[in-house]
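Right, one structure below, let's go through it.
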Amino acid sequence: MQLSINGTTHDIDVEPETPLLWVIREELGMTGTKYGCGLAQCGACTVLVDGEAVRSCVTPVDSMAGADIVTIEAAAADPVGSKVIDAWIAHQVPQCGYCQSGQVMAAVALLKANPSPSEEDILGSMANLCRCATYNGIVAAVQQAAKA
Ligand code: FES
Ligand code: FES
């Protein structure tokens, strides 16, 4: 099948039910998207699919035909993604960093759907887990990105 990721079409040959995350990491070698729980619980594997945040660890690749997939590797090329990354740096959000590519992609999806989110909106819609508890920094950075 063909898969459109970060504006490039890839021919891939895997079992239809293969999780999108494995294709991104193992077949295409893009390792910015992380494997955390594999159970749609943590959000480390979040990518954008047609602008919405999707947990790629539980997304069968055959459901992605015709979809526009964006990973952390292309986040900076997106106008909203660029603002989010700048705000993440300004607020020094990451600690260990493992969850952060998923956090950034979730923030981009949130701001595309809601350009001026309240703190409640941010906490309510960004359900990605962070074992380093960077939640305060995430809220501050999303609010800065929304104003940028
Ligand atoms: S690895 Fe996908 S939600 Fe945790
Ligand atoms: S920064 Fe360490 S898990 Fe989030």
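Since we're looking at a predicted model, the values are computed, not measured.
If you check the side chains of T134 and Q100, you find a donor sitting under 3.5 Å from an acceptor.
Here CD1 of I24 is found 11.5 Å from OG1 of T31. Values are rounded to the nearest 0.5 Å. Expressed to the nearest 0.5 Å, how far SG of C37 lies from CZ of R55 amounts to 7.5 Å. Rounding to the nearest 0.5 Å gives a distance of 4.5 Å between CD of Q143 and CD1 of I122. Taken from CD1 in I72 to CD in Q103, the straight-line distance is 10.5 Å, to the nearest 0.5 Å. The NZ atom of K34 lies 13.0 Å from the OG1 atom of T46; values are rounded to the nearest 0.5 Å. L20 contributes atom CG, which lies 12.5 Å from atom CZ of R25 (distance to the nearest 0.5 angstrom).
In this structure, T18 contributes its side chain and E15 its backbone to a donor-acceptor pair below 3.5 Å. Not one N or O on the side chain of S4 forms a donor-acceptor pair closer than 3.5 Å with the backbone of D68. A donor-acceptor pair is defined here as one N or O able to donate and one able to accept, closer than 3.5 Å; no such pair exists between the side chain of Y35 and the backbone of A44. E119 places no side-chain N or O within 3.5 Å of a backbone atom of V139 that could act as its donor or acceptor partner. For D62 (side chain) and E17 (main-chain N/O), no donor-acceptor pair under 3.5 Å exists by modelled atom type. A donor-acceptor pair under 3.5 Å links the side-chain atoms of D121 to the main chain of S118, judged by distance alone.
Taking 4.5 Å as the limit, every side-chain heavy atom of R131 sits out of range of all side-chain heavy atoms of C96. Using a 4.5 Å heavy-atom cutoff, the side chains of P19 and C57 are not in contact. Annotation: side chain of M30 is in contact with side chain of I5 (closest heavy-atom distance under 4.5 Å). With contacts defined as side-chain heavy-atom distances shorter than 4.5 Å, the pair L48/K112 qualifies. Contact of the Y135 side chain with the N128 side chain is not registered, since no non-hydrogen atoms from C-beta on lie closer than 4.5 Å.
Smallest separation of non-hydrogen atoms from P60 and S63: O-OG, 2.7 Å.
Within a 6.0 Å radius of CG in N136, other residues, nucleotides and ligands contribute 12 heavy atoms or fewer.
For the side chain to side chain contact (heavy atoms under 4.5 Å, CB included) with M105, the qualifying choice from T71, L110, V70, V54 is V70, the only one to do so.
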